[in-house]
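Structure first, then comments.
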Number of protein chains: 2
Amino acid sequence: MKKVEIKCPIDYSIALLGGKWTLPIIYVLTKDSPKRFKVLEREVNGITPTMLTSRLRALEEEKLVYRKIYPTIPPTVEYGLTENAEKLKPVINELEKFGLFHQGLMK
Amino acid sequence: MKKVEIKCPIDYSIALLGGKWTLPIIYVLTKDSPKRFKVLEREVNGITPTMLTSRLRALEEEKLVYRKIYPTIPPTVEYGLTENAEKLKPVINELEKFGLFHQGLMK
DNA sequence: CAGTATCCCATAGGATACTG
DNA sequence: CAGTATCCTATGGGATACTG
């Protein structure tokens, strides 16, 4: 057991999740998934299409989000959480608890 | 990281903790606190004095770290976790678990 | 020892316009 | 609808040198 490198997974997680939009996107998907692009754009407050596309592509590569295309006219694309993303729920839950605590602390 | 008035606790936590060095600094302090500046510089791998100072000042303002100065020659300054920072342990723990899981997933 | 003072840069993120 | 294509900016972060 190398206790010394135990902080690496934390760096790793922060690199993965620490962006401005990553967890907000995942969060709205935890409440209801899958969702269409336009719905995400509306529910993730303040995000632009460019950023949304960019983050969704990354999340796909990281196997946290899947993408399903329906060849309709006009196009329909659905984004949903993968099984792997289930593992994020405790993380989100703890971040939420801490956020609430610290917000209370600072005012 | 900027101080914003964010409603969503998750956005808030990410804004607070999402930087490159914040959690690494806190993490080494969870293992043993307080620590002197030089010790932190050594244990937080890769950090520069500039960044370390910058992050420690922010963490002080956020009441997660305290600073104690001993008027010795040469100067001694100790940094330690506050009680509030205890609330971060579950967050760190979950981030660590997720990091390990996802690292395994991706290789 | 415990920092500052500068200067610099990459890139995350944003604004706007356009398309299959 | 679901994106791209451009272009641009702010700032988080880094390198180096210096000081009370």
Rounded to the nearest Å, what distance is computed from the [atom1] atom of residue [X] to the [atom2] atom of nucleotide [N]?
| X | N | atom1 | atom2 | value |
| --- | --- | --- | --- | --- |
| Leu52(A) | dA5(D) | CG | C1' | 17 Å |
| Ile73(A) | dT19(C) | CD1 | P | 19 Å |
| Arg42(B) | dG3(C) | CZ | P | 14 Å |
| Phe37(A) | dA2(D) | CZ | C1' | 6 Å |
| Ile14(A) | dG13(D) | CD1 | C1' | 16 Å |
| Met51(B) | dA15(D) | CE | P | 11 Å |
| Leu56(B) | dG13(D) | CG | P | 14 Å |
| Lys35(B) | dC1(C) | NZ | P | 17 Å |

Establish, with yes or no, whether the OP1 or OP2 oxygen of [N] is under 4.0 angstrom from a side-chain nitrogen or oxygen of [X].
| X | N | result |
| --- | --- | --- |
| Arg67(B) | dG3(C) | yes |
| Trp21(A) | dA12(C) | no |
| Tyr79(A) | dG3(D) | yes |
| Lys38(B) | dG3(C) | no |
| Arg36(A) | dC1(D) | no |

Under a plain distance cut-off of 3.5 Å, with no hydrogens placed, do Tyr70(B) and Glu78(B) share a side-chain donor-acceptor pair?
yes

Across all strands, who's sitting opposite dT19(C) as a Watson-Crick or G-U wobble pair, both distances under 3.5 Å?
dA2(D)

Please say which of Gln103(A), Glu96(A), His102(A) ends up in a side-chain hydrogen bond (donor to acceptor under 3.5 Å, both in side chains) with Tyr12(B).
His102(A)

First of Val77(B) and Ile47(A) reached from the 5' end of DNA chain C, by closest nucleotide:
Val77(B)

Heavy atoms only, 4.0 Å cut-off, all strands: where does Arg57(B) land among base, sugar-phosphate and nothing?
sugar-phosphate

Looking across every strand, which nucleic acid part, if any, lies under 4.0 Å from Tyr70(A) by heavy atom: base, sugar-phosphate, or nothing?
nothing

Listed pairs, N/O of protein and of nucleotides 16-18 of chain D, under 3.5 Å:
residue	atom	partner	partner atom	Å
dT16(D)	O4	Thr50(B)	OG1	3.4

Is the terminal nitrogen or CZ of Lys35(A) (NZ for Lys, CZ for Arg) located under 6.0 angstrom from the six-membered ring centre of Tyr79(A) and within 45° of that ring's axis?
no

Cationic tip of Lys87(A) within the cone over Phe101(B)'s six-membered ring, i.e. under 6.0 Å and within 45° of the normal?
yes

Taking NZ, NE, NH1 and NH2 as the nitrogens, is one of them in Glu60(A) or Lys63(A) under 4.0 Å from a carboxylate oxygen of the other?
no

Tell me the closest heavy-atom pair linking Thr22(B) and Leu17(B), and the distance in Å.
CB-O, 4.0 Å

Quick one: does Arg57(B)'s side chain get under 4.5 Å of Thr53(B)'s, heavy atoms only?
yes

